[in-house]
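In what follows, a single structure is set out as structure tokens and then discussed.
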Amino acid sequence: MHFYERVYAVVEQIPPGRVTTYGLIADFLALGSARMVGWALNQSHKSGLDIPAHRVVNRKGELSGRAHFPGEGVMQQRLEAENIEITDHRVKDFEKLLWIPSEHLL
DNA sequence: GTCTTGACTTCGG
DNA sequence: GCCGAAGCCAAGA
């Protein structure tokens, strides 16, 4: 079990309409570095798995990973499809929609 | 083997 | 509140 497989497991648990951050996932899995989460998700498309990576944003609620999606604006569209409002590449009411792994997973 | 590069975060100024 | 620097750690060159 590589660390990125655990990242996928957590990301898959994020409920639709909610978001979480790289740092929270890194902390919950004790990865020691939030960058590893982003790196893991970068590999996710390669794994052929369907990971809802659009629900993972940086600590400010910005869609920092949008550039790595297949098309332009794909990340935002997927979030809007879950009733999450995006303004200027940021999640509206980010703090309210924030889903904290440690409060829901063990 | 070292060096660079990040879908990041925190701290000092 | 906004920079710049540093810390972080796994790939890829």
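We name chains A, B, ... by the order of the sequence lines, and we start the count at 1 in each one. Quantities reported herein were computed from a predicted structural model and do not represent experimental measurements.
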Classify the nucleic acid contact of [X] as base, sugar-phosphate or nothing, counting any heavy atom under 4.0 Å across all strands shown.
| X | answer |
| --- | --- |
| A53(A) | base |
| L31(A) | sugar-phosphate |
| N42(A) | base |

Whole angstroms only, please: what is the [atom1]-[atom2] distance between [X] and [N]?
| X | N | atom1 | atom2 | result |
| --- | --- | --- | --- | --- |
| M36(A) | dG12(C) | CE | P | 12 Å |
| W39(A) | dA10(C) | CH2 | C1' | 5 Å |
| L41(A) | dG6(B) | CG | P | 16 Å |
| Y8(A) | dA7(B) | OH | C1' | 12 Å |
| H2(A) | dC9(C) | NE2 | P | 18 Å |
| Q43(A) | dG6(B) | CD | P | 13 Å |
| L79(A) | dA7(B) | CG | P | 18 Å |
| K46(A) | dA10(C) | NZ | P | 17 Å |

For the pair [X] (side chain) and [Y] (backbone), establish whether a donor and an acceptor sit closer than 3.5 Å, ignoring hydrogens and angles.
| X | Y | value |
| --- | --- | --- |
| H45(A) | N42(A) | yes |
| R90(A) | E62(A) | no |
| R66(A) | L63(A) | yes |

Item to complete: Could you check which of dT9(B), dG6(B), dA7(B) has an atom nearest any side-chain atom of N58(A)?
Response: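 So the side chain of N58(A) is nearest to dT9(B).
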Discussion item. Among dC9(C), dT9(B), dA7(B), which nucleotide has an atom closest to any side-chain atom of T21(A)?
Written reply: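 Between dC9(C), dT9(B), dA7(B), the one nearest the side chain of T21(A) would be dT9(B).
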Item to complete: Using the six-membered ring wherever Trp is involved, compare the ring planes of F3(A) and W39(A) and label them parallel, tilted or perpendicular (cut-offs 30° and 60°).
Response: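 Parallel.
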Worksheet entry | Atom of L97(A), atom of K92(A) and distance for their closest heavy-atom approach | CD1-O, 3.6 Å
Worksheet item: Toward the 5' end of DNA chain B, which comes first, G65(A) or R59(A), by nearest nucleotide?
Response: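 Residue closer to the 5' terminus by nearest nucleotide: G65(A).
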Discussion item. Closest-nucleotide mapping onto DNA chain C: is G32(A) or Y4(A) further toward the 5' terminus? I mean the 5' end.
Written reply: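 Nearest nucleotide further toward 5': that of G32(A).
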